[in-house]
Visitor: 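My structure is below; once you've seen it, I'll send some questions.
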Number of protein chains: 2
Amino acid sequence: MNSITNNSHDVGLFLKNHGIKPSYQRLKIYSFLFENRIHPTVDTIYKNLCPEIPTLSKTTVYNTLNLFIQKNIIQKLVIEETETRYDVNTSTHGHFKCENCGKVYDVFLENNLLHSSNLENFKVNETHLYFKGVCEKCIKSIKK
Amino acid sequence: MNSITNNSHDVGLFLKNHGIKPSYQRLKIYSFLFENRIHPTVDTIYKNLCPEIPTLSKTTVYNTLNLFIQKNIIQKLVIEETETRYDVNTSTHGHFKCENCGKVYDVFLENNLLHSSNLENFKVNETHLYFKGVCEKCIKSIKK
DNA sequence: GTATCTGCAAAACATTTGCAATTCT
DNA sequence: AGAATTGCAAATGTTTTGCAGATAC
């Protein structure tokens, strides 16, 4: 459970506790993900942090995200092969991508899904579930 | 339901029935997918068909697969951002990728999965589910 | 004979790598 | 000072695009 708050002191501690030196760039990138639960792409993160960190490079964003994944504090979402997204919520949950507005929503499943005899003797490390379609907002705005 | 057999005459008819002119390359590419349910990448398809069609180019493989997807007779699987795979089975089902041997297995779910109040007012067009881990064969061979 | 299909070469992108400069302790 | 981090430029790898030649009906 993520019980940390979003002030930079706590993010620093959080990173330290996961074996990550809290550099300025790392703090800002993690805080951006934590405060904006929009499953951003590298480009979105980069563009949003540029005003604050004018010297920032995409390489650093890539390096940092890969480090976070390796230390298991974020997860990678592959919905389209052309855009990798990142999520601070590392628990197993689904996603919904709206084909109209492009927004990615979290999806939490009610029933204890996913029983398959196919997997009985397999070791499952990761479960990924996503949907594509049209979100409520877009359905309403299209109808108008 | 795919009830066609794998001789080239029937594949030709099948393609025609879906508004696709059955060229030699298209027949061979569809037949390869139909006869080898291994969820191959473009590269795998290309390498396997090259001996049979020495003039084949990857562009044609890409063009053909995109046409098949557009006509809805195959589906795209995005499990890793670095490798797109293709499946002749267009029904909704899951996949399992072994992190050891790289093989992708089909996963058919028993219970009528996937109820989420989050999606109540959303229009769902596609459902994608996949797992990563270690397959039975690899578990056994690692133990030895 | 005209439409379509194929396949080469080049372009377009996202991501990674090598390495030199910078920063932190 | 020494070790880690950052960021530029170049490399890599996949997919798409433009276009000319080949093929099919």
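Here is how names work: the chains are called A, B, and so on, in the same order as the sequence lines, proteins then strands, and each is numbered from 1.
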Visitor: Relative to the 5' end of DNA chain D, which residue comes earlier, T55(A) or T59(B), by the nucleotide with the nearest heavy atom?
Guide: T55(A)
Visitor: Reading DNA chain D in the 5' to 3' direction, which nucleotide is the first one with an atom under 4.0 Å from a heavy atom of chain B, and which is the last?
Guide: dT14(D) to dT17(D)
Visitor: Of all the heavy-atom pairs spanning L27(B) and P22(B), show the shortest one and how long it is.
Guide: CD1-O, 3.9 Å
Visitor: Check I29(B) against V61(B) and note the closest heavy-atom contact, atom names and distance.
Guide: CD1-CA, 4.0 Å
Visitor: Under the rule for side-chain contact (heavy atoms from CB on, under 4.5 Å), what residues qualify as partners of E120(B), not counting sequence neighbours?
Guide: S117(B)
Visitor: Using heavy atoms to find the nearest nucleotide of DNA chain C for T64(B) and E81(B) separately, return the residue whose nucleotide is more 5′.
Guide: T64(B)
Visitor: Hey, is the main chain of I38(B) close enough, under 3.5 Å, to the side chain of N36(B) for a donor-acceptor pair?
Guide: no
Visitor: When all nucleic acid strands are considered with a 4.0 Å heavy-atom cut-off, which category describes K21(B): base, sugar-phosphate, or nothing?
Guide: sugar-phosphate
Visitor: In terms of the angle between their ring planes, are H93(B) and F108(B) parallel, tilted or perpendicular, with boundaries placed at 30° and 60°?
Guide: parallel
Visitor: Both Q25(A) and Y86(B) contact DNA chain D. Which one's nearest nucleotide lies toward the 5' end?
Guide: Q25(A)
Visitor: Would you grab the first and last nucleotide of DNA chain C (5' to 3') that comes under 4.0 Å of any non-hydrogen atom in chain B?
Guide: dT4(C) to dA9(C)
Visitor: Set out, in order, the CA-CA distance, both residues' side-chain angles and the distance that settles salt bridge (Lys or Arg N to Asp or Glu O under 4.0 Å) for K97(A) and E99(A), then state yes or no.
Guide: CA-CA 6 Å; K97(A) 176 165 180 177; E99(A) 290 164 330; over 6 Å; no
Visitor: Aromatic ring centroids of F96(A) and Y130(A) under 6.0 Å?
Guide: no
Visitor: Is the ring centre of Y105(A) less than 6.0 Å from the ring centre of F131(A)?
Guide: no
